[in-house]
Amino acid sequence: MGKISDMLDVPARRPTAGSALTRLHQVLAADELSRDVALAGLGRWRIGGPADLVVTPRSTESLAAALRVIAETGVPHVVIGDGSNLLFDDEGFRGVVVRVGRAFGGFAAKPDGHVEAGAGLWVPSFVRQVIEAGLAGATHAIGIPGTLGGLVTMNGGSQRRGIGENVLSVDVVKRDGTRRRIDRTELRYSYRASALQDAGAIVVAARFRFEPGDRHALRREAIGILAARRAKFPRVRANCGSVFVSDPKLYSLIGPPGLAIERAGLKGFAIGDAQISPDHANFIVNNGQARSADVLALIGLARERVRALTGIAMDAEVRHLAPDGVMRPAHEVAAVPRFIQPPGQEHRP
């Protein structure tokens, strides 16, 4: 005779992080596993409740072993790097966070322009090392916060360029713990996107090809880019970088997202301790005690106001992690706060 739950068609209970804890202890070193970790300390927005477990593997072998346990137990999990493009929820995450950190930070360059680097390498450090090797092509990314794995996955860059231009192949660990090398032909790079985003795999290293360049000229270019970023981007208050993706139609009509948000009258507008930056309107800053709900409300409001102004709905490049482990672009979660009106606009019920 079947279980009562089967007869009543009651869904089976979802595995919890606790169900994987003992087995993770068996395959990881003590300092690779932490319990009840505040997500606010893992993201650049400094927002988020507790995560049940955080795994910070020190090697590809540890990463693969942890992923095998997670796959076998079915516990909800998410993989992050520096957390620079993520909004963690106020309620935290009931699962396992796998953090690819500085242990994956190797770098090697050859005179012929070939470079191999680890996914945990800080992007500005990666760019500086490419420059010091006398190679050109990475300088545009000098001011981007985050780790190389995220840059490669998102085809990150600046000045309308992306690192995918130089990627030859990527080493990944799949969700079942197996490893694979993916050539650029399979990566399908486009503007701020790649096949890696939906591949169900974790980038651990990548290989690149850069052209020879003048080291001194490249240094000067990098200094100029950093100076320009310091002049217009917020530096002191916590933020995740650009919130909305630049859309070619919006760009041709009015300009980049920051300018569109400014034209919509929202530059400097705040909800709670979250504020559309008075320095650059495509940034949302945490003035101290901002909540994820505050940030989502600002994202929803900015998207609605720009759509009313231009007819174009901006998409967020920031991704929101829900307590149940669902991760999606933040604009898909954002709700427009109908009770809040920007200064200078009359209230409409």
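Below, each value reflects all heavy atoms present in this structure, side chains not excepted, and no hydrogens, waters or symmetry copies.
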*Decide side-chain contact (heavy atoms from CB on, under 4.5 Å) for I80 and F88; before the verdict, give the C-alpha distance in whole Å, the side-chain angles of both, and the deciding distance to 0.1 Å.*
CA-CA 11 Å; I80 69 171; F88 297 120; 4.1 Å; yes
*Examine R305 relative to F269 and say whether NZ or CZ is less than 6.0 Å from the centre of the six-membered ring and inside a 45° cone about the ring axis.*
no
_Does atom CD (Q289) have a neighbourhood of more than 12 heavy atoms from anything else shown, all under 6.0 Å?_
no
*Salt bridge or not for R209 and D112, using N-O below 4.0 Å?*
no
*For F210, what residues pass the ring pair (Phe, Tyr, Trp, His ring centres under 6.0 Å) criterion, not counting sequence neighbours?*
F208
*Does a donor on one side chain sit under 3.5 Å from an acceptor on the other, for Q129 and S125?*
yes
*Does a donor on one side chain sit under 3.5 Å from an acceptor on the other, for S277 and R237?*
no
_side chain to side chain contact (heavy atoms under 4.5 Å, CB included) involving A20 - partner list, sequence neighbours excluded_ = L24, V69, T73, V75
*For the residue pair Y189 and L196, establish whether any side-chain heavy-atom pair is separated by less than 4.5 Å.*
yes
*Quick one: list whatever passes salt bridge (Lys or Arg N to Asp or Glu O under 4.0 Å) with R44, sequence neighbours left out.*
D82
*For R188, does the CZ atom sit with more than 12 other heavy atoms under 6.0 Å from it, leaving out its own atoms?*
no
*Can you check whether M314 reaches V245 side chain to side chain, under 4.5 Å on heavy atoms?*
no
*Determine whether the side chains of T185 and D183 contain a donor N or O and an acceptor N or O closer than 3.5 Å.*
no
*Inspect the contact between E186 and R181 and indicate whether a charged nitrogen and a carboxylate oxygen are less than 4.0 angstrom apart.*
no
